[in-house]
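First the proteins, then the strands, lettered A, B, ... as listed; each starts at 1.
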There are 2 protein chains.
Amino acid sequence: MAGQRQVQRQNGVALWRQIADRVRTSIDNGEYDHSGMIPPELVLAEQFGVNRHTVRSALAALGQEGIVRAVQGRGTLIERRQRLNFPISKRTRFTAGIGGQGRELQGLLLSFDTEPASETIATHLCLATGTPVIKLEALRKVDGVPVSRSTSWFPGDRFAGIADAYRRSESITKAFAELGLADYIRTSTEISATHAEPSEITDLELSPGAIVLVTKALNTDLDGVPVQYAITRFPADRVHFTIEN
Amino acid sequence: MAGQRQVQRQNGVALWRQIADRVRTSIDNGEYDHSGMIPPELVLAEQFGVNRHTVRSALAALGQEGIVRAVQGRGTLIERRQRLNFPISKRTRFTAGIGGQGRELQGLLLSFDTEPASETIATHLCLATGTPVIKLEALRKVDGVPVSRSTSWFPGDRFAGIADAYRRSESITKAFAELGLADYIRTSTEISATHAEPSEITDLELSPGAIVLVTKALNTDLDGVPVQYAITRFPADRVHFTIEN
DNA sequence: CCCAATTTGTTCGTATGTATC
DNA sequence: TGATACATACGAACAAATTGG
């Protein structure tokens, strides 16, 4: 049975990292739930067909992420196992969607600026290229853990004070309401996945090589007029999406 | 400006692999479309803040994947760029969704079996644990390139001949129709992302460390009775999803 | 309280891979 | 093309902590 879960060598990804990724996935999938701890280092080494040192490197990385904690003589305990559910629908709201899961939310304004719309942004917001748009960068945390980093664009004339409103309310929905937009609709969402870039690793407090889920979303008012285009990055080991039809 | 896109060292992922991943993403995003080729090695080396040898290793890997082709004296040409769009809605259909993009589709039956429903599967299909279900493994290709690998479960009594019907028609929709189910609805979809496991690397023809998008989906008939639960894995550098509300 | 088994922690050494110059 | 520095991976051995008889 040994070697069944073997990892691959010399592919530019260190063995300890491949093992860390696999163990993290197993923890997320609840495969070790019965005991609350992961198998002994020697057992994992046997399963993956590597030396115990290599497994230890992997577990050290997971320990650094706060996912496991090793206790001498006992074993390696699972510290944190959380994958937030983020529902996507016509009424997609970050605060309401995550907040319902009994967590403490934060929405931090990282930066904002007014700039002329690029061709891409103008197309999405149905504006002429070069029209002033407000670009807003925000970081969201749940229970103190970063769960998303977004870059949003708003029509500049209509939502002039949105950055300030967002800073105070920490919610896009509330900021919109302050500016007279009582309701809006998620018109389309595109989902992809990629490796985290250095800036995301910093902002989202990820370990290098981590995976981010990327959404590109368009929100419109009830008349179908675009009010926000947003690109948001979620750490894939902390978040998943659900779509209910 | 140099160093803006810098990569990170000593994190279990070799620099050449990080660069290969980033360049592959850039190609997929069409960032080099104007010229049809990627920047010279020395320019990339400058951008990423690494030695030219390291860039060469990255491009060699991309060449091995058939994504770029280096021509002495000219530069490195983009050979293949494809990221399929997979729409998710109440009427999600693989064949119709991808087929509309003018591609050649294949649906290969890898294996099938009848087994007693596990607790998880029984819950999703609204059956009693242990009820016979049909488990069906399939691989889908577009223009000969693997784009998904799925494991599906069907209520055993109602869809006894589905494996055979799928083998002939290469389509779940057609197989359902053969068995008297004219229409069905995608009730819920869960989306997450993770690293590809060795078996997926083989089946989907991926390189190790690749990212897979994972969907867990429930299809029901028009009365809301579950007809299929499926876990499907898509290579993240070949596919993305869109949700229209 | 002691003992044995289990499990993590640490320290040698050696070989190979990665990256720069 | 070497030369150099560091990261990765393996192997063997031993130390320290925990558990259960």
Review point. Just how far is it from atom OG of B/Ser57 to atom NE2 of B/His53, taken to the nearest 0.5 Å?
Key: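 The distance works out to 9.0 Å.
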
Practice item. To the nearest 0.5 Å, tell me how far B/Ile38 CD1 sits from B/Leu62 CG. Key: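 Interatomic distance, B/Ile38 CD1 to B/Leu62 CG, rounded to 0.5 Å: 7.0 Å.
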
Between [atom2] of [N] and [atom1] of [X], the distance in whole Å:
X: B/Gln18; N: D/dA7; atom1: CD; atom2: C1'; value: 13 Å
X: B/Phe48; N: C/dA19; atom1: CZ; atom2: C1'; value: 16 Å
X: A/Glu41; N: C/dT7; atom1: CD; atom2: P; value: 10 Å
X: A/Leu77; N: C/dT7; atom1: CG; atom2: C1'; value: 12 Å
X: A/Trp16; N: D/dC10; atom1: CH2; atom2: P; value: 14 Å
X: A/Leu44; N: C/dT7; atom1: CG; atom2: P; value: 11 Å
X: A/Arg69; N: C/dG9; atom1: CZ; atom2: P; value: 11 Å
X: A/Leu59; N: D/dA9; atom1: CG; atom2: P; value: 14 Å

Practice item. For A/Ala163 and A/Leu136, work out which heavy atoms get closest and say how close. Key: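 The answer is CA-CD1, 3.8 Å.
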
Check your understanding: Closest approach of A/Glu244 and B/Ser188, non-hydrogen atoms and distance?
Key ->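 Nearest pair, atom of A/Glu244 first, then B/Ser188: OE1-CB, 3.2 Å.
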
Review point. Using a cut-off of less than 4.0 Å, is there contact between a side-chain N or O of B/Thr54 and OP1 or OP2 of C/dT18?
Key: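 For B/Thr54, the contact criterion (side-chain N or O under 4.0 Å from OP1 or OP2 of C/dT18) is not met.
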
Review point. Counting just side-chain N and O atoms, does A/Asn51 come under 4.0 Å of either OP1 or OP2 of D/dG11?
Key: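 It does, given that an N or O in the side chain of A/Asn51 lies less than 4.0 Å from OP1 or OP2 of D/dG11.
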
Review point. How is A/Ser57 classified with respect to the nucleic acid when contacts are heavy atoms under 4.0 Å: base, sugar-phosphate, or nothing?
Key: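 Here A/Ser57 touches no strand at all.
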
Report all interatomic pairs (protein N or O, nucleotide N or O of nucleotides 10-14 of chain C) with separations under 3.5 Å.
{"unit_1": "C/dT11", "atom_1": "O4", "unit_2": "A/His53", "atom_2": "NE2", "d": "3.2"}

Review point. Is the shortest side-chain N to carboxylate O distance from B/Arg149 to B/Glu137 below 4.0 Å?
Key: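 Salt bridge present between B/Arg149 and B/Glu137.
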
**Study point:** Salt bridge A/Arg24-A/Asp28, side-chain N to carboxylate O under 4.0 Å
**Key:**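 Salt bridge absent between A/Arg24 and A/Asp28.
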
Check your understanding: Is a side-chain donor or acceptor of A/Ser35 paired with a backbone partner of A/Met37 at a separation under 3.5 angstrom?
Key ->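 Yes, the answer is positive, given that a donor and an acceptor are paired below the 3.5 Å cut-off.
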
**Study point:** Pairs where residues 120-136 of chain B contributes a residue and the test side-chain hydrogen bond (donor to acceptor under 3.5 Å, both in side chains) is met, not counting sequence neighbours
**Key:**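 Found none.
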
Review point. Using 30° and 60° as the class limits, which term best fits the ring planes of A/Phe234 and A/Phe241: parallel, tilted or perpendicular?
Key: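 Ring orientation of A/Phe234 relative to A/Phe241: perpendicular.
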
Would you list the protein and nucleotides 16-18 of chain D atom pairs, both N or O, that sit under 3.5 Å from each other?
{"unit_1": "D/dA16", "atom_1": "N3", "unit_2": "A/Gln72", "atom_2": "NE2", "d": "3.4"}
{"unit_1": "D/dA17", "atom_1": "O4'", "unit_2": "A/Gln72", "atom_2": "OE1", "d": "3.4"}

